[in-house]
Chemist: 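Structure provided below as structure tokens; questions to follow.
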Amino acid sequence: MTYDFRKIEEKWQEFWAENQTFKAENDSQKEKFYVLDMFPYPSGAGLHVGHPLGYIASDIYARYKRHKGFNVLHPMGYDSFGLPAEQYAIQTGQHPAITTETNINRYREQLDKIGFSFDWSREVRTSDSSYYKWTQWIFIQLFNSWYNKDADKAEDISSLIAIFEKEGNQSVNAVCDEDVAAFSATDWKAFTVKEQQEVLLQYRLTYLAETEVNWCPALGTVLANDEIVNGVSERGGHPVIRKKMTQWSMRISAYAQRLLDDLTMVDWPQPLKDSQTNWIGRSEGAEVTFRVKGREEVIDVFTTRPDTIFGVSFMTLAPEHELVAKITTSEQKEEVEAYIAATAKRSERDRMADVKTITGAFTGAYAEHPFSKEPIPIWIGDYVLAGYGTGAVMSVPCGDQRDYDFAKHFNIPITNIFEGVDISEEAFADKEKTVIANSDFLNGLPYKKAVKRVIFELEKLEQGKGKINYRLRDAVFSRQRYWGEPFPVYYVDGMPQMISAEHLPIVLPEVEKYLPTETGEPPLGNATVWAWDVKKSAVVSNQLIDHKTVFPLELNTMPGWAGSSYYFNRYMNPNNENEIFSKEAIDYWQDVDLYIGGSEHATGHLLYSRFWQKFLFDKGIVPKPEFAKKLINQGMITGTSAFVYFVVARFAKDKQFYIAVSKSAWGRVDEVIKNWRNTHPVNEKAFRYSVLNRIHSPVEYVNSSDELDIESFRNDPMYSEFKDAIFIGEKGEVIKDNNDTYIVGREVEKMSKSKYNVVSPDSICQEYGADSLRLYEMFLGPLEQSKPWNTAGITGVHSFLKKMWRLFHGGNDGAFMVTDAAPTADNLKTLHKTIKKVEEDIENFSFNTSVATFMICVNELAAQKCNSREILEPLVLLVSPYAPHIAEELWSKLGHATSIATAPFPKFEGKYLVESSKEYPISFNGKVRFKIELQADLSKEEIEAAVMAHDKTREQLQGRSPKKVIVVPGKIVNIVG
RNA sequence: GCUCGAGUGGUGGAAUUGGUAGACACGUUGGACUUAAAAUCCAAUGGACAUUAGUCCGUGCGGGUUCAAGUCCCGCCUCGAGUACCA
């Protein structure tokens, strides 16, 4: 019987689906294990072989854990709201829900063919109203919460209101907007309802505020910081400008410190942790208040070097700073305004690209030094960012290179306040070596002591305090898009009101057009039934809006990360209509044990998810402050492109054709063409040719030896212009389509349609089977590393499966032939060494090496002609997580009526590996010269004696007596001298 | 610029605490079987020298520690990822 993988794989995929083999139970006596993949956005292009890499790894782990007796939760779903479906809708009018559905079905078909052990009964789709009902619900919870810094957690807004009623807001230690006005309990009670709501918005964890946002005109929406890469939108690469807009924001900054601290709790890759740490950007320092000479206004600055305060020789404000207009003197007004106009014109991108050019303008105003009371000129400069700190800096040229360059450029005097340091060439920024001089009460102090002292003095003056600053900004949560979660929000007198949870979900309305309205409102502005009736508690026609019982609904939708920030929790109890998940479910499953996904989500999804998890934790909704214990970033699989090298030959008029020159001759085109002309005379004197760029050939036309299937290439309609091309080899000989070979050039590139190097998992499954695909993806190399795909190599793992199949099917007729014969010592040794290695490898996520181990095992057992059930049955179990279809088939042939999925993993027994002898490498001065076989239980002395007595040792030493003999029992012997 | 990661045969990659570098596989070459092909099997395969025995060189480069270094230390180079004037 031959290994008919197509039949076997189809059979078992059906079996698993019918029997719901991988359905996880929420009430189980077994220990839980939660293995999660980052769910995909179902794009129209479908999956290529790079996508399932992480899914295969997690599936192996999930299956392994089932064999180890765990109740495994291994779900899959779709992050199905998003831009591409909406862009497609704008172009074609096709409803995004339809496109999304089509794409999901295609994804599902592809995933099913690979034989994953997903519990599909738990599938979620973020664009389903039964799912986004809970996204809306969490939004409401955030709205109804504030961050109490004393308790260091989120609390219900009612506790804040209680404080306001009792004592106003002065003693409240909350994370809130910067500019909250002080009020007393009496004030609070005197406020109108609207005024009270305005105040509360400044404290809520999600709030509506006019903020400066990243507006992308091309996409017609705002973007979060992590959606902008190099100053342009991550999707599409469109320019982004700063714009003030009223938007929903998430007060993630409240959690900055905990997001930082709790990184120590999780086993995540260090680079990922580092990039979150950098993104949060904590810096310790002080806030210092400078009075402006002759004016009421003050300038607050944040500095990490308050110890250098006596080195301040000027102040710099961001051009956008609100004080600029107020303090600029009439003499300087023209220059300052011109400068502001010039910087406003420069895009964010220009500003970033051009760091070298120093620009700025003097405002004419002076600040007053808090200690020396000396006047300090106030400048503006675009190297100071409005969005960081207070948008103003105290410039200390002797201690900061940017300040130094600025001072030099504008001839501002530089004071040296460091002991024994030369600053004539550059600033001195080494904190460790700092000793302060020239600084009144700070003289002689090192950095740390000086900082402490100056903060103490500033507090005395009430002109400063120690402060910790974070780069992390609150996250803008509104998007001017159609295909996203609608907010459960309506407006009364301009103030946002939450729709109560029992009326959720608020379902996305139908619209005629997916573009912004003529008045510039988001696409939901096109909806005709999009108003909230508070009496009926229902969405009704806009025409009924009377601002008494019927109010307008929010027109923005939520961003892509809303639905993905808690889906891992929803999987625990995904079909629960009454709760986000049941208490029993969350108590049992707790958190994700293993999360596998791409590293591109480091500062987006993974930061927002941690934020929401902490919020839900504060509210007692989830039991863990971190949602995923261990996380692995799988590497990218790149494509191996194939190139054909062409020249265009012309002779006579209008007569031209293509000549493909083989890769190895590409450097000597002239010579090769000349050779070709010698053997194939072209009469026309006008013959000439020019070099054409290399052309991507579809990778399916190239075999494992890099030979092009010229006929297929010619007949591809894509390449009709090369239909009659002449292919020539290294020496200029003409390559005949059937006999000779044309060798293509190869290069590793990103897998993409435009490079014709995309390989789909479907075609691999069709030709080699899912088990081969799974094994090969793992065999390519370490999971975390990026590596090129080359279909040619798959024959290795495929023939391994065939070899394994043959272990079970002997004789000439290939009948199933497993015997109950007792295994030999060699059989047992091979098996147990394999068990040991495979188990270690899976625990270490080293899947590539266990595939190699399987190959060695099968090669050895084949050489030993092993047919013993006692050996082959455990082998099937070992292979099962990797190649589940063939494993199920062999398992059932071995006489088992139930699936292999939960059969216990073979137990390693060291006794079979005990060796009676050991082959010792004998090295002289570190170089191995020969090997000798010795008994394994010899002592150091006995080994040394045996080695020294050996003929070959004497031969090597040639009469010399060794200085030293090093014996490492069980390892090596080294003779020195 | 800063932070992190990585450099090993023609290729993908192996190599517990420093202890036989190149496992396993692809590719290549030769052979068996076959009318032929496919499939399968066998052998060789880091480089140089050598008839053999064997010798020398070899894990990006240069130093160092050690009986012993792909692995540890110091200094560089190259590539990749992230970040972008963060006061």
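All values below were derived from every heavy atom in this structure, side-chain atoms included, with hydrogens, water molecules and symmetry-related copies excluded. Remember, predicted model here, so these are calculated numbers, not experimental data.
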Chemist: Nearest to the side chain of A/Tyr383 - B/rA23, B/rC85, B/rG12?
Modeler: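 Nucleotide nearest to A/Tyr383's side chain: B/rC85.
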Chemist: Which nucleotide, if any, forms a Watson-Crick or G-U wobble pair with B/rG19, using both distances under 3.5 Å?
Modeler: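 Pairing partner: B/rC67.
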Chemist: Name the orientation of the base relative to the sugar in B/rG7: syn if the glycosidic angle is within 90° of 0, else anti.
Modeler: anti
Chemist: With sugar-phosphate meaning primed atoms plus P, OP1 and OP2, does A/Asn974 contact a base, only sugar-phosphate, or nothing at under 4.0 Å between heavy atoms?
Modeler: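 A/Asn974: base contact, heavy atoms under 4.0 Å.
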Chemist: With a 4.0 Å cut-off on N to O distance, would you call A/Lys836 and A/Glu840 a salt bridge?
Modeler: yes
Chemist: Could you work out the separation of B/rC2 and B/rG47 based on their P atoms and round it to a whole Å?
Modeler: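 After rounding to an integer number of Å, I get 41 Å for this pair.
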Chemist: Take atom CD of A/Glu600 and atom P of B/rA81, then tell me their distance rounded to the nearest Å.
Modeler: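 Taking atom P of B/rA81 as the reference, CD of A/Glu600 is at 13 Å.
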Chemist: How is A/Glu840 classified with respect to the nucleic acid when contacts are heavy atoms under 4.0 Å: base, sugar-phosphate, or nothing?
Modeler: nothing
Chemist: Does the B/rU16 base have a donor-acceptor partner in the side chain of A/Lys837 within less than 3.5 Å?
Modeler: no
Chemist: Counting any heavy atom closer than 4.0 Å, what does A/Arg282 reach on the DNA or RNA strands: base, sugar-phosphate only, or nothing?
Modeler: nothing
Chemist: Using both distances under 3.5 Å as the test, list the Watson-Crick or G-U wobble partner of B/rU28, or none.
Modeler: B/rA44
Chemist: Taking atom types as modelled, is there a side-chain donor on A/Thr316 or A/Ser395 under 3.5 Å from an acceptor on the other?
Modeler: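 Yes, a side-chain donor-acceptor pair sits under 3.5 Å.
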Chemist: Between B/rG10 and B/rU17, how far is it from one P atom to the other, in whole Å?
Modeler: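 Pairwise P distance, B/rG10 against B/rU17, rounds to 28 Å.
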Chemist: Just by distance, no angles: are the side chains of A/Asn469 and A/Ser283 close enough, under 3.5 Å, to form a donor-acceptor pair?
Modeler: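 No, no side-chain donor-acceptor contact under 3.5 Å.
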Chemist: Within the 4.0 Å heavy-atom criterion, would you say A/Val928 contacts the bases, only the backbone, or no part of the nucleic acid?
Modeler: sugar-phosphate
Chemist: Would you mind classifying the nucleic acid contact of A/Ile966 as base, sugar-phosphate or nothing, using non-hydrogen atoms under 4.0 angstrom?
Modeler: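 Base contact.
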Chemist: Which comes earlier along RNA chain B counting from the 5' end, the contact point of A/Thr795 or that of A/Asn925, where each point is its nearest nucleotide?
Modeler: A/Thr795
Chemist: State yes or no: are the ring centers of A/Tyr776 and A/His798 separated by less than 6.0 Å?
Modeler: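 No.
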Chemist: Using a heavy-atom cut-off of under 4.0 Å over every strand shown, decide if A/Thr277 touches base, sugar-phosphate, or nothing.
Modeler: nothing
Chemist: May I have the distance from A/Phe930 (atom CZ) to B/rU55 (atom P), rounded to whole angstrom?
Modeler: 11 Å
Chemist: Name the nucleic acid region contacted by A/Arg806, choosing base, sugar-phosphate or nothing; use a 4.0 angstrom heavy-atom cut-off, strictly under.
Modeler: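 Answer is sugar-phosphate: A/Arg806 comes under 4.0 Å of backbone atoms only.
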Chemist: Mind checking if A/Lys787 touches a base, just sugar-phosphate, or nothing, with heavy atoms under 4.0 Å?
Modeler: sugar-phosphate
Chemist: Look at all strands and tell whether A/Asp403 reaches a base, only sugar-phosphate, or nothing, counting heavy atoms closer than 4.0 Å.
Modeler: nothing
Chemist: We want to know whether A/Thr830 and A/Gln864 form a side-chain donor-acceptor pair, criterion being a heavy-atom distance below 3.5 angstrom.
Modeler: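 There is such a pair between these side chains.
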